[in-house]
Engineer: 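Quick one: the structure is below, questions incoming.
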Protein chains: 2
Amino acid sequence: MIMKTIEGGICAVRGIRANGIKQGKNGLAIIVADARRLATSGVFTRNKVIAAPLIITQESLARGDLKAVIVNSGCANAFTGHKGILDARWMARILSNKLDCSPDEIGVASTGVIGRYLDRTWIQDHLDEVFDNLSSTKEASRASTRAIMTTDTTLKEVAIELDNGVRIGGIAKGSGMIEPNMGTMLAFLYTDAVLSKETLDICLKKAVDKSLNMVVVDGDTSTNDMVILSATGYQECEEEVFQKGLDSVCINLAKMIARDGEGATRLIEARVRGACTAGDARLAAKAIVRSPLVKTAIFGKDPNWGRVVAAAGYSGAEIDQDKISLLFSGNKQQTVLVDSGRIIEGELEALKSIMESDEIIIEVDIGLGDNEATAWGCDLTYDYVKINAMYTT
Amino acid sequence: MIMKTIEGGICAVRGIRANGIKQGKNGLAIIVADARRLATSGVFTRNKVIAAPLIITQESLARGDLKAVIVNSGCANAFTGHKGILDARWMARILSNKLDCSPDEIGVASTGVIGRYLDRTWIQDHLDEVFDNLSSTKEASRASTRAIMTTDTTLKEVAIELDNGVRIGGIAKGSGMIEPNMGTMLAFLYTDAVLSKETLDICLKKAVDKSLNMVVVDGDTSTNDMVILSATGYQECEEEVFQKGLDSVCINLAKMIARDGEGATRLIEARVRGACTAGDARLAAKAIVRSPLVKTAIFGKDPNWGRVVAAAGYSGAEIDQDKISLLFSGNKQQTVLVDSGRIIEGELEALKSIMESDEIIIEVDIGLGDNEATAWGCDLTYDYVKINAMYTT
């Protein structure tokens, strides 16, 4: 199957109009799906402190599909009680008034500081400017992506065209408070394929489980994680083909988020195979990219591979230390450090050279079964500390 | 019940002789218990990659009690396969030869880099020097504590005398790779009370569960965590009285470890109450002190309390966000930030002042039940990154 990467982000998808504005810490984005046959799915954080916009968007998705989403950055509208719910409903209402539809057809998302009330005035003051300039250009996709950024330093957007002509595009934000559980950071995905809500639900869950749910920046699960996938229904597409395309888009966004983790200088990819269960493979892969000791060693280019084995050991996955194999690769080099529990001595120099790479691949073969998983993360640096020591001030 | 803090560390306990030497990254400590009636208990890491010295010490403890322990720092002798087991047995043997006892009566512990073989030569070369100068002075307790340090910057030793005259003393090391699970870092505890092995097992488990198992520096569970408790049997003591004393010693050591967490500038104490279950209270308390976002905010004195609520939310504990209350204290001040889910506005200035304290107490009332737990941690600083980016090099 051929997938072509194309320009345009979400606006590469037929029927999508977008726009956004960012001013200091505040941002506002609107995305509208002019569909022939609309279907929408979503996944949400499992944090029990769930933000107000997620509560109302989950309710709306249970009733039907989403014609548009409105997103603000700067305030998470999380842990804001009843007032927060009213504020989120107000966001849905101001956009539904513009679109002449029901507020139930509007998705609402927020990202920013937790425990602060929404600044309705700023949003109201910029609504017309954003709405009146909605368009389907690549600049419009970028403007909406930029509007939802917080500590992100890169724009995260992807678009692909499958060989049957179907397109899938996505944008995302996320840099800190990243260890998604079911949902993830914010991501808005669109396709022009004709697909039912039920099919979207299945495909989105599968894609997110192997992509956005496998990214760890710091191990903190956000109160505001949300992924929305809408199909505008212009082109037929087999489910299996669509799934592959969606997986690719989500994995691309996941890697972009890991690479742009707060303060990060390099991407870490942990590939675990030979696990007893799929759950074990996921546990071990995520423990490796979550470990502050693995992350700081990679920042310092320190060939301290024992920390990888320790992380796999405490991950909860079934492990027999005499069966583990460990490989590091990067800079087009590869080195086997452990073979079935046996340390291969004399490989530290090769490992030091691999550690210079800006993309480090850690492969662990648990040697007990047939299951595998891949997780992505980044190094832990002085800048991570700096960014997060002064986030609200 | 009165507990008096006394000098002397483990050597304050009748029957204990100790000594140690530290040279660069290498260290060797020996502790001998000359008991009237010996009993020994131990708890060990739950990391599935368990270090060789723990494997042989667990076997020895299953057979009987430990007359002495030999500990090296600089090499963890972890993930070292069959050769590692032979090296650990060799450590037991060289000390048992000196003491003219069975190697089964010797506990062995190691701490340092994972995945490297033991340097037998260095240990052999320093054995006589350490053994020949064993003594019961406070200097001897300190020498043994210093010998087992790695990235620790403070000596961790405590001794108390109960009102019945019974003494309990302990030393510990631990600064990074700290999120104990069952066992913890290294700690060696002694008492002159007359207690059975069965009683020690019960008391040690209880004490560790509320102290050393509630400390998080970075969330990495070590391959080498081990706590050994020996009674030398010179004085009668009720179990309940002993338990209180042991709890106090272990909590003191736990706080010392948290305060000296790698790169730490301040101690964080998270007190959770009102949880549905004891397990929930522990999950929430540990999630708060583990969260890199809470830890960096405290380093930066940033009053970003929403991160505490988010951490409780993803901890796995049962949470209703409308029931949570949140208090911060420090610098002899206290501020209520959230009362049963309602944000108390205008408290940010008071919180900023509390954030200047070098000991921050975070109290969360979940508001759903009657269970409580306390956990200790430290802030996440530039120096944590620096120390761990260059550990082996």
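Lettering of chains follows the sequences in order, A, B, ..., and the numbering in each one begins at 1.
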Engineer: Heavy-atom distances under 4.5 Å only: say whether B:Val338 touches chain A with side chain, backbone, both or neither.
Structural biologist: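 Contact with chain A is through the side chain of B:Val338 alone.
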Engineer: Please report the shortest heavy-atom distance between B:Val49 and A:Gln321, naming the atom on each side.
Structural biologist: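 Shortest heavy-atom contact: CG1-OE1, 3.6 Å.
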Engineer: A:Thr381, A:Asp322, A:Asp383: which one forms the most heavy-atom pairs within less than 4.5 Å of chain B?
Structural biologist: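 Of A:Thr381, A:Asp322, A:Asp383, A:Thr381 has the most heavy-atom pairs under 4.5 Å with chain B.
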Engineer: Relative to chain A, which of B:Gly115, B:Ser291, B:Pro292 shows the most heavy atom pairs under 4.5 Å?
Structural biologist: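 The candidate making the most pairs under 4.5 Å is B:Pro292.
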Engineer: How long is the span from the CG atom in B:Asn388 to the NZ atom in A:Lys295, to the nearest 0.5 Å?
Structural biologist: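 B:Asn388 CG to A:Lys295 NZ: 12.5 Å, rounded to 0.5 Å.
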Engineer: So do B:Thr45 and A:Tyr314 actually touch side chain to side chain, heavy atoms under 4.5 Å?
Structural biologist: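 When only atoms from C-beta onward are counted, B:Thr45 and A:Tyr314 do not touch, as no gap falls below 4.5 Å.
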Engineer: Go through the atoms of B:Glu318 and report whether side chain, backbone, both or neither lie under 4.5 Å from a heavy atom of chain A.
Structural biologist: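 Both parts, backbone and side chain.
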Engineer: Checking A:Ser315 against chain B: side chain, backbone, both or neither under 4.5 Å from a heavy atom?
Structural biologist: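 The answer is neither part of A:Ser315.
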Engineer: Do you know which of B:Ile343, B:Leu348, B:Ile319 has the most heavy-atom pairs with chain A at a distance under 4.5 angstrom?
Structural biologist: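 Winner by heavy-atom pair count: B:Ile343.
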Engineer: What residues, two or more places apart in sequence or in another chain, satisfy ring pair (Phe, Tyr, Trp, His ring centres under 6.0 Å) together with A:Phe328?
Structural biologist: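 Scan of A:Phe328 (ring pair (Phe, Tyr, Trp, His ring centres under 6.0 Å), adjacent residues dropped) gives none.
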Engineer: Relative to chain B, which segment of A:Ala312 carries a heavy atom at a distance below 4.5 Å: side chain, backbone, both, or neither?
Structural biologist: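 It is neither, since no heavy atom gets under 4.5 Å.
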Engineer: About how many Å separate NZ of B:Lys386 and CZ of A:Phe299, when rounded to the nearest 0.5 Å?
Structural biologist: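 Rounded to the nearest 0.5 Å, the CZ-NZ separation comes out at 11.0 Å.
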Engineer: Identify the two heavy atoms, one from B:Val385 and one from A:Thr296, that lie closest to each other, and give their separation to 0.1 Å.
Structural biologist: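 Taking every non-hydrogen atom into account, CA-CG2, 3.9 Å.
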Engineer: Kindly list each side-chain donor-acceptor pair under 3.5 angstrom involving residues 76-86 of chain B, sequence neighbours excluded, with atom names and distances?
Structural biologist:
unit_1: B:Asn77; atom_1: OD1; unit_2: B:Thr80; atom_2: OG1; d: 2.7
unit_1: B:Asn77; atom_1: ND2; unit_2: B:Gly84; atom_2: O; d: 3.0
unit_1: B:Thr80; atom_1: OG1; unit_2: B:Asn77; atom_2: O; d: 3.4

Engineer: Which atoms form the tightest heavy-atom contact between A:Ala310 and B:Ile114, and what is the distance?
Structural biologist: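 Shortest heavy-atom contact: CB-CD1, 3.8 Å.
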